[in-house]
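Note sheet for the following structure.
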Amino acid sequence: MSKRRKSKHQKSETKKSQPLKSETQPTRRKLPLLIVVAATAVVLVLIGSRVMGGNSNRGPVAFTILHTNDTAGYVDPCG
Amino acid sequence: MARRATVIKEARSSTQDAVLLLDAGSALTGQKLAILSQGQVVIEAMNALGYDAMTVGRLDLDQGLENLQTRAKEARFPLLSCNIAGKDSDKLLFAPYTIIKRNGIRFGILGVSETDVITAPGADAVIALFDASESVRKYLPELRRQSDVVILLSRLGLEANKLLAGTIEGIDVIVNGGSRELLSQPETVGGTVIVSAGYEGQWLGRLDAIVEGPGKTVNAQVEITTLDPEVADDPELAALVAEYSQRYP
């Protein structure tokens, strides 16, 4: 009899512990998922800025280009 | 060259902005002194003027690949071409691009040559030419990533350059060569500005512009200076040309 009671008791403990386990699992899964999503977003932003070019990270740049073309060896007197 | 030097010096002293001096190719031969010196006088003058880069054109190969490679070693600026390769190796014979940092701005300069380079004497035996637009597409992304301003020195001619600007994103400025237009106003395709300064060294082009983002060039202002006798000779360059004239009478 005592063995049976003990067995029942053990069984009921097992039943009680199951909901606890199921309550904690989703929390443990959510945390890494959030980290992965955040990390992915950061990486995508970094890749995006590199694809768009260096000046996507800075303000407008002013410059001057002096240029020639097809000068064909003219050194004297033209040019 | 002596007049060009005077205008270049004035232009450099007229602004606090970063100034680049670029050539869109076919510079080394054509005139007597340049032919006789095999382009040496041109390279020496361009060194003295402080050119930052040029692209390789048909006339630059007129006296052979070996001669051009010798001139390239003498140049204190890179000769660029992203589509001229060795016939046997299929490896590029010149750097496809260069990056110049000035006033804290990274200028990426890509060079592309015209199909006519293959018609230079003996060229077809030693060089292979890759498709121009495909080559630009190949190198542009990696250059864009490393640059604040991307400039294409293109010998494809104005119409082809307009097409290129309309189909390939991320080029801020195209310096035209190969079709010899003199543009007193910039051609604008999307956010890309195209400039061209004529031929035979008769003019110097100047572009003042602002780049707000990749392929977003604004406030582009072009100035063309005619290098006529009213422009004073720069003494240093005049002496250099005179020296070569004596050496090759």
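Numbers restart at 1 for each chain; the letters A, B, ... are given by sequence-line order, proteins then strands.
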Would you say that [X] contacts [Y] through its side chain, given a criterion of any heavy-atom pair below 4.5 Å between the two side chains?
{"X": "A:Thr71", "Y": "B:Arg4", "result": "yes"}
{"X": "B:Tyr51", "Y": "A:Leu66", "result": "no"}
{"X": "B:Arg206", "Y": "A:Ile65", "result": "no"}
{"X": "B:Leu20", "Y": "A:Thr64", "result": "no"}

Does atom [atom1] ([X]) have a neighbourhood of more than 12 heavy atoms from anything else shown, all under 6.0 Å?
{"X": "B:Glu74", "atom1": "CD", "answer": "yes"}
{"X": "B:Gln221", "atom1": "CD", "answer": "no"}
{"X": "B:Tyr244", "atom1": "OH", "answer": "yes"}

Interchain contact, [X] with chain A, by part (heavy-atom threshold 4.5 Å):
{"X": "B:Arg155", "value": "side chain"}
{"X": "B:Ala27", "value": "both"}
{"X": "B:Ile35", "value": "neither"}
{"X": "B:Thr15", "value": "side chain"}
{"X": "B:Leu204", "value": "both"}
{"X": "B:Thr55", "value": "neither"}
{"X": "B:Val175", "value": "side chain"}
{"X": "B:Val19", "value": "both"}
{"X": "B:Leu21", "value": "both"}

Quick check: closest heavy atoms across [X] and [Y], and the distance to 0.1 Å?
{"X": "A:Phe63", "Y": "B:Val173", "value": "CZ-CG2, 4.1 Å"}
{"X": "A:Tyr74", "Y": "B:Gln31", "value": "CA-OE1, 3.6 Å"}
{"X": "A:Ala62", "Y": "B:Ile210", "value": "CB-CG1, 4.0 Å"}

With a 4.5 Å cut-off on heavy-atom pairs, point out which of [options] contacts chain A the most.
{"options": "B:Gly108, B:Gly198, B:Ser37, B:Ala34", "value": "B:Gly198"}
{"options": "B:Asn219, B:Leu59, B:Leu153, B:Asp17", "value": "B:Asp17"}
{"options": "B:Ser26, B:Gly30, B:Gly205", "value": "B:Gly205"}
{"options": "B:Val41, B:Asn176, B:Leu33", "value": "B:Asn176"}
{"options": "B:Ala24, B:Gly170, B:Ala209, B:Pro229", "value": "B:Ala209"}

Give a yes or no answer on whether the side chain of A:Asn69 reaches the backbone of B:Ala197 with a donor-acceptor pair at less than 3.5 Å.
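Yes; judged by distance alone, with no hydrogens or angles, the pair exists.
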When rounded to the nearest 0.5 angstrom, what is the spacing between CD1 in B:Ile224 and NE2 in A:His67?
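Going from the CD1 atom of B:Ile224 to the NE2 atom of A:His67 covers 5.5 Å.
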Hey, are A:Thr68 and B:Asp23 close enough side-chain-wise for a donor-acceptor pair under 3.5 Å?
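Checked: B:Asp23/A:Thr68 side chains pair up, N/O donor to acceptor below 3.5 Å.
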